[in-house]
Each structure stands twice: as C-alpha cells, then as structure tokens.
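Written below as structure tokens is the structure these notes are about.
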Amino acid sequence: MPGPALTWELADGVAIVTFDLKDSPVNKFSRAVKDEFLATFTALEQDRAVRAIAVFSGKPDNFIAGADIEEFVTIGSAAEAERLAAEGQEMMDRVTRFPKPVAVGIHGACLGGGLEFALACHYRVATDHPKTQLGLPEVQLGILPGASGCQRLPRLIGARAALDIILAGRSERAPKAFRLGMVDELVHPAILQDITIAAARRLADGWRPRRRRPGGVLAWLLDRNPLGRRLVFRTARRQVLERTKGHYPAPLAALEAVEHGLKHGMAEGLKREARLFGQLAVTDVSRKLVQIFFATTQLKKDFGLPNAPPPTAVQRLAIVGAGFMGSGIAGTAIVQAGVDVRMKDADLPRVAKGLAAARALLDDRLRRRRIAKYEYARLAALLSGGDGYAGFGRADLVIEAVFEDLSVKQQVLREVEAAARDDAVFASNTSTIPIARIAEAARRPERVIGMHFFSPVDRMPLLEVIPAARTAPGVVSTAVGFGRRLGKTVIVVKDSPGFWVNRILAPYANEVGHLLAEGASIEEIDAAAVGFGFPVGPVTLLDEVGLDVAEKVSQVMGAAFGERLQATAGVTALVKAGRLGRKSGRGFYRYGGGKKRGVDPAVYELLGVHPNGGPRLAEILQRLVDGMLNEAARAVGDGVVGTPRDGDIGAIFGFGFPPFRGGPLRHADDLGAARLVAELERLAERYGPRFAPCEVLQEQARRGSKFYP
Ligand code: 3HC
C-alpha cells in the first residue's frame, strides 16, 4: 500500500500541506487521493491552532498533473464518469468554501485537475521557472475540464482568454499565466514557500487581495455584456469547427459547458460540465487520444533496444550542410538543448545564410517572450560556423544534412572521420538512403547512425532514428537521447528504404498520379483525405515536401520495392517544368504571399490529364487510405518498426495521420483485417496488383488476430 499522499505541519498558525504521491513520478488525483484531501481538510478545519493553509507539491519539478488518467480509462459508463466529475467538483467546492484561507504555491506542471484545484484555492503563487506550466489539456484527451475548470477559469480571467486555453487544451508558462490573471504572484523558486505562507497568513489576518481584471476595455466589452459574450462564443465555435472539422467532440462540449455556466449560473454550469464530461469520457475518440498519451509517455523512456546502455550527453554538436535542414537542426539544438553548435558548408556565404536561419529561430523565441534578453545573448553565442572542419574535433555528435546523394554523403563521412574524435557519433539526416550503404565508407561504422528529421525541423515533432546493422547500442541511445532533448518524439526504425514514414507515405502519394490520370481533380483528392481527418491532402503534402524531394524519394522507393511502389511520371513532369511546390511558388497549387492560392489549371495540361468526374469521393478515399494501411501492415511484417505503437505514433507525429483514429495500425484493427483484405482484393481486381493485400493482413484475417491484442 502506498503511504499517505498528504502530510502537514504547523508553522506559526499556518498549516503547510505537502502533496507527494508515493511511488508515482507525478502528483495526480485518484479517488483515494481525493478522499485523503477531504479527510485532511476536515482535520485542518477542526484544528483550532490552524488559521490558514498553504499547499505545495513534494515533487521536485511537478505540481499536480491532473486527474489520474489511468483511473478514468477504466470507467465503464457515462453515468459513472459523470459521478466522478461531480465528486471532483465537490472537492473543489469544499476548498473554495473552506472557512480558513487556502493559498497554493505552484512549481512545475499544474495541469487539468491540478489547475482546477489551484483555481479553487483563495490565493495562487507560481514560480517563474520554465517548468511551471499551467493549463487545461483535457480536450487533448478527448474530455473537458470536469472538476469545475470550465466554470472557474472564465470567471477568473474572462470568457475569451479562458476559451483560448480550454478549447485548445493549452498550457501557459507562468509569466503568461500571471499576465492573464491565472495566478496572483510570480516569484523565484527559492522564495515560493515563504511568499505563499506569508500570503496565507495575511489572508488569515483579514487581507483581501485586489484582483485586477486583465484585458482592459475590450475585454470588458466582450466578456461582461451578453451581446459581446455571444460574439465571443460564436467566434470560438466557428474556429473550433474550422480546426476540428467536426472530428473531435470535446472542444464543442467544453464550449457548451462554459457558455451554459455563464448564462445560467455556477450550479447549472457544473451540472452540465459533469454530464458532458461523462459523455465524452466513454467516446472512442477519447479512448484513442488517451492511448496516444500513454504511447508517447512510454516512448519517452524507450531507447529502441532491450538493454540499451545510457546515452552519452551531447554537449557539442557539429553539422555539415548549412541549408534548410542543417540550419533547422542547428537552431532547434540551440533553442531546445542549449548545446554548442558548429556548422560547416562549402563556402562562407552559405554558412552565413545557415547561421542567420538558425538564429532566426532564436529571434522568434525572444519576440514571443519565451526567452529573456540575457538568455538570448548566451544562446546566440553558442552558434558558429566556417567553411572547414575547424572545431569538429570537439563535437560529441556530427549530423550531416547535405545533398541526398550516396557518394556525396560518403565523402562527407570520410572527411568528418578525419576531423572528429574517434568516439564521436556520425549521424546522417537522410530520408531514404540506407544507413548501411553510407557506413560502407566508414572507418568506424559502429559510430554511424541515421537521424531522419522532418521539415521544418523546429516544428515537426517526429524523429526517426535508424541504426544500421553494425551501429553500436550506445550510439543508438545517444541519438535517441539527443532527439528527445530537442523535444522530439523519437521512434527507432529499421534500416530499410524509406524507413517507416516515407515507406507508408509512398503508396498514398503515388495514388495521386493514378487518380489524376483517371479524371479526379486535385481538389477532390485533397478533400477526400481532409474529410478523413488528415491535416492536408496528399497533393498539398507533395507541394509542402517539395516535388523535387518527393521525386527523389519515389525513385528510391520504386527501385527498392518495384512495381508496387512505382510512382507515375506526373511529379517528374512538374519538376521539369520548374514547379517544385510551395518553396518555388508553384507546384500542383499556386502560392503567393505565404498562402496557397488554388489549383493551377496549367498543371493538368502538363500532366496530360483533365478532370472529368473521375472516381467517386468514397472510392478515392478508400484507395488512398487502404493503400497506406496495406503498406504499413507489410512494413510491420518486415520489422521496420519494433511495435505497432511506434508505427502509429510515427504516422501521427510524422505526417498527421488523424489522431482520433489512433494511427494506421489501430485503424486497420478497427476496420478488421477480414474487411480490409476484402476491400484490398476488390481494389486490386479493379486497379491493379499494387493493392494486393499483404501477407500480414491475410494472416490476421485467417486467424481473426490484430496488431493490438
Ligand atoms: N494521470 C496518470 N498518469 C500520469 C498523469 C496523469 N494525469 N500525468 C503523468 N502521468 C504519468 C505518466 O504516464 C508517466 O508514467 P510512467 O512513469 O509510469 O510511464 C509518469 O506520470 C511521468 O510522466 P512523463 O513521463 O510524461 O513525465 P514528464 O515530466 O515528461 O511530464 C507532465 C510530466 C507534464 C505532467 C506530463 O506527464 C503530462 O502532460 N501529463 C498529463 C497531464 C494531463 O493531461 N492532465 C489532465 C488529466 S485529465 C483531468 O485532469 C480531468 C479533470 O478535469 C477532471
């Protein structure tokens, strides 16, 4: 049995309560913890020596991570979930109505139910530390803040600001939370205890803190009168629908809970909030999003090997190639990991351009007040570059991001080996070339590995780490560990053409050519995919990736896998005509002023096709999706990913496979192998053998088995 989560001691009339859930890295509210809170508060109420209360977390860098997600996934019915939320609300209400003042000192993540608790307290002090984040991430789990968050936050900071946070499931760093009025005081961690206790004591002496209403006249106009408020809700609803395309019920339900409460009062609002929480908690969407949360949490600890040695901490990074990728990696490494970065390219103008691009990421941080000026100066000084390998001898890790060509990459590898330490890791940022081929040129192949970043590096959350057959286990750990320090979700994948992401994207992208040839329009193809839940359709994706890059990838895939993954000639024709996608202002679409400007009709002519109805939308979608699921299943069979979990997370974080569907392998499970095989057989008969169902799916259909048992 874990020990008690709460302890307290009395200091001059103030009860200092420490929440430290035993055997758990984070504090969370389970039923048992809630009961302990209630019992503790009862004891504190009865103890006449206690005049005020100050609550802290006993965890070094976490305040309270919210309700216990593991507990609420076991809930069987909406009614039970509704009851759970109502009990949470009662606990918060008990805190608010507590006859003695309750102040809370927040350091570390203060999320979900944790923030709801803080909101229920009478005074909030937070540290200005970067780890202190306050937010209501519930909608990201497909639920809503159900322990009175939908009522308390808008009452404290206004409907507009509260909806911004609740509907996006956002967390704010403490300084922003302070500006918004979510916390009353912002302090250095060293004085958190003292300030919070002092506030509790002053409250007990009758002091009433004056809260300013942040936001000025505009906020007053919009938040405080019914007409303005109606506008706020109408706008928010429209934005939610634009963003979720109706696939995610939670943000709309949260909106309803907030609106209902502001219209009909706190008590009615709480009832509605609990009921909607109950309904959401048992939806399939919520189940899928919670699975993703646990999968990404597991991945944070997984180094892709059974007994992975600990990673070497990278202090100095060197990068060859100061182009878009190289500078993206450099900027991200400085911003996220604060490591020393040395860049090299063939000539100084290129290096200068790369350094400027890397630094732009830092500028952006400063502009958005994510870092202070002194921090900016310190980080900017970490960045340097040249046209030779000077400084490479100090690097722990060298990443090459040069032109996607085997002999060029091998040449760079030889030069780096001559300049770098023997124990430095050499990582190739290739999207397609097998790492073993690159490593053939190495004197120390055990130090060579693949790190496939996605573009733009600072924004794309996934990293594929690719050990080759001879890569040393410690090198794998080091690459994975460094990827995590860059804030990436990392999957370790097998060294085979296209790795995971480009492998399963290949049939999806190739199908575009077939569909266009059959008279489908570009808009229809994209609309089908977006309707399914992809952030953009495959045609737009090609434009984003760059058609020259896409062409290169498809050539490699075609050469490796033959007819099945052979691309049609379309993309090549566009590249020849100088259409490289968004970066050149024209691809399948036209671009101007940073925006997509619609399909360029000239493209049809270049491709020698014209839209004339073509296949129906449902048929387009089935071809796009089933082809991808089939290839994903085949790649799992080939061992490209270690587990279905890695495959699904890779697809969701790599190119936005709809999270509410749980990933391609979960989606295949949901359809059922028998149905998928039947669909693929029909498609194969109609459109050709590229759709023939793979062995893995056929086997699953025969046995009635799944990827996730
Ligand atoms: N419930 C259950 N387990 C949780 C949890 C939660 N709310 N938050 C974190 N954990 C667990 C993780 O699963 C992990 O478990 P493991 O060690 O057994 O694998 C462990 O705590 C450590 O988590 P991380 O590895 O993620 O630690 P980090 O330090 O990297 O991050 C964190 C900490 C920022 C708190 C992050 O874990 C997080 O974002 N947690 C989820 C927060 C959240 O979504 N809260 C809302 C919950 S729903 C709610 O409150 C409903 C209410 O409105 C009624």
Side-chain angles (χ1 to χ4, degrees), residues 2 5 19-34 37 57 59-75 80-93 106-120 129-153 162 165-166 168-174 250 253-254 257-258 270 273-281 286-287 289-302 481 484-485 487-490 645:
F19 181 11
D20 190 353
L21 186 60
K22 297 287 168 302
D23 301 328
S24 167
V26 299
N27 285 327
K28 50 196 178 181
F29 287 122
S30 59
R31 277 207 160 103
V33 167
K34 195 198 69 214
F37 257 87
S57 161
K59 306 289 180 204
D61 281 323
N62 270 300
F63 179 65
I64 303 172
D68 185 345
I69 302 171
E70 274 176 78
E71 190 174 74
F72 84 63
V73 290
T74 61
I75 295 174
E80 194 190 339
E82 179 176 343
R83 209 159 41 242
L84 195 75
E87 286 170 15
Q89 294 175 346
E90 279 160 27
M91 174 186 140
M92 303 310 170
D93 186 54
I106 302 163
H107 174 72
C110 172
L111 302 173
L115 179 59
E116 292 174 305
F117 170 74
L119 293 173
H129 194 274
K131 289 227 163 161
T132 302
Q133 307 245 355
L134 298 96
L136 295 170
E138 282 87 342
V139 298
Q140 293 189 22
L141 300 171
I143 52 172
L144 53 71
S148 72
C150 291
Q151 311 306 317
R152 291 182 193 275
L153 193 61
I165 290 174
I166 295 172
R170 239 214 330 264
S171 301
E172 302 290 6
R173 299 233 246 171
V258 174
L270 287 171
E273 180 183 302
R275 183 163 1 117
L276 290 167
F277 179 92
Q279 290 167 4
L280 291 172
S286 172
R287 209 159 291 141
L289 296 179
V290 168
Q291 281 159 356
I292 293 171
F293 168 74
F294 283 121
T296 42
T297 310
Q298 283 174 6
L299 264 173
K300 287 188 202 170
K301 294 189 268 286
D302 189 339
R484 286 203 187 115
R485 275 175 69 200
K488 304 298 171 203
T489 294
V490 187
R645 173 202 71 191

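Just follow the structure's listing: the first ligand is 1, and inside any ligand the first atom is 1. Keep in mind the model is a prediction, meaning the values are calculated, not measured.
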Test H107 against F63 for side chain to side chain contact (heavy atoms under 4.5 Å, CB included), laying out the working first.
-> CA-CA 6 Å; H107 174 72; F63 179 65; over 6 Å; no

Which value, rounded to the nearest 0.5 Å, describes the distance between [X] atom [atom1] and [Y] atom [atom2]?
{"X": "I106", "Y": "T132", "atom1": "CD1", "atom2": "OG1", "result": "8.0 Å"}
{"X": "R173", "Y": "H129", "atom1": "CZ", "atom2": "NE2", "result": "10.0 Å"}
{"X": "E116", "Y": "F29", "atom1": "CD", "atom2": "CZ", "result": "9.0 Å"}
{"X": "E138", "Y": "F277", "atom1": "CD", "atom2": "CZ", "result": "7.5 Å"}
{"X": "K28", "Y": "F19", "atom1": "NZ", "atom2": "CZ", "result": "9.5 Å"}
{"X": "I64", "Y": "F117", "atom1": "CD1", "atom2": "CZ", "result": "5.5 Å"}

Would you mind running through ligand 1 and noting each atom that sits below 4.0 Å from a heavy atom of [X]?
{"X": "K28", "answer": "1 (N), 2 (C), 3 (N)"}
{"X": "G146", "answer": "53 (O), 54 (C)"}
{"X": "K301", "answer": "16 (P), 17 (O), 19 (O)"}
{"X": "E116", "answer": "52 (C), 53 (O), 54 (C)"}
{"X": "G112", "answer": "46 (C), 50 (O)"}
{"X": "K300", "answer": "24 (P), 25 (O), 26 (O), 27 (O), 28 (P), 30 (O), 31 (O)"}
{"X": "D68", "answer": "1 (N), 2 (C)"}
{"X": "P25", "answer": "17 (O), 20 (C), 21 (O), 22 (C)"}

Less than 4.0 Å between atom 36 (C) of ligand 1 and some protein heavy atom, yes or no?
-> no

Which heavy atom of the protein is the closest neighbour of [atom], given with residue, atom name and distance?
{"atom": "atom 39 (O) of ligand 1", "answer": "L111 CD1, 3.7 Å"}
{"atom": "atom 33 (C) of ligand 1", "answer": "N62 OD1, 4.0 Å"}
{"atom": "atom 53 (O) of ligand 1", "answer": "E138 OE2, 2.5 Å"}
{"atom": "atom 13 (O) of ligand 1", "answer": "T297 CG2, 3.4 Å"}

[X] N/O under 3.5 Å from ligand 1 N/O:
{"X": "P145", "value": "no"}
{"X": "E70", "value": "no"}
{"X": "I69", "value": "yes"}
{"X": "L141", "value": "no"}
{"X": "V26", "value": "no"}
{"X": "F293", "value": "no"}

Please walk me through it: do F294 and E70 pass side chain to side chain contact (heavy atoms under 4.5 Å, CB included)?
-> CA-CA 9 Å; F294 283 121; E70 274 176 78; 3.4 Å; yes

Side chain, backbone, both or neither: which part of P137 has a heavy atom under 4.0 Å from ligand 1?
-> side chain

Non-hydrogen atoms of [X] versus ligand 1: any pair closer than 4.0 Å?
{"X": "G149", "value": "no"}
{"X": "A85", "value": "no"}
{"X": "E71", "value": "no"}
{"X": "G88", "value": "no"}

Note: heavy atom closest to atom 47 (C) of ligand 1, options G169, A67, A274, A81, belongs to A67

Proximal candidate to atom 45 (N) of ligand 1 [heavy atom criterion; set A65, G66, A109] = A65

Flag, side chain of K300 to backbone of R484, donor-acceptor distance under 3.5 Å | no

Apply the test side chain to side chain contact (heavy atoms under 4.5 Å, CB included) to residues D68 and R31: give CA-CA distance (whole Å), side-chain angles for both, the deciding distance (0.1 Å), then the verdict.
-> CA-CA 9 Å; D68 185 345; R31 277 207 160 103; over 6 Å; no

Using side chain to side chain donor-acceptor pair (under 3.5 Å) as the criterion, list what pairs up with R170, not counting sequence neighbours.
-> E172

Does some side-chain heavy atom of Q140 sit less than 4.5 Å from a side-chain heavy atom of I292?
-> no

Do the non-hydrogen side-chain atoms of V33 and E71 ever get within less than 4.5 Å of each other?
-> no

Donor-acceptor contacts, no H, no angles, side chain residues 143-150, under 3.5 Å, sequence neighbours left out:
residue	atom	partner	partner atom	Å
S148	OG	R152	NE	2.8

Candidates D20, N62, N27 - the one meeting side chain to side chain donor-acceptor pair (under 3.5 Å) with S57 = N27

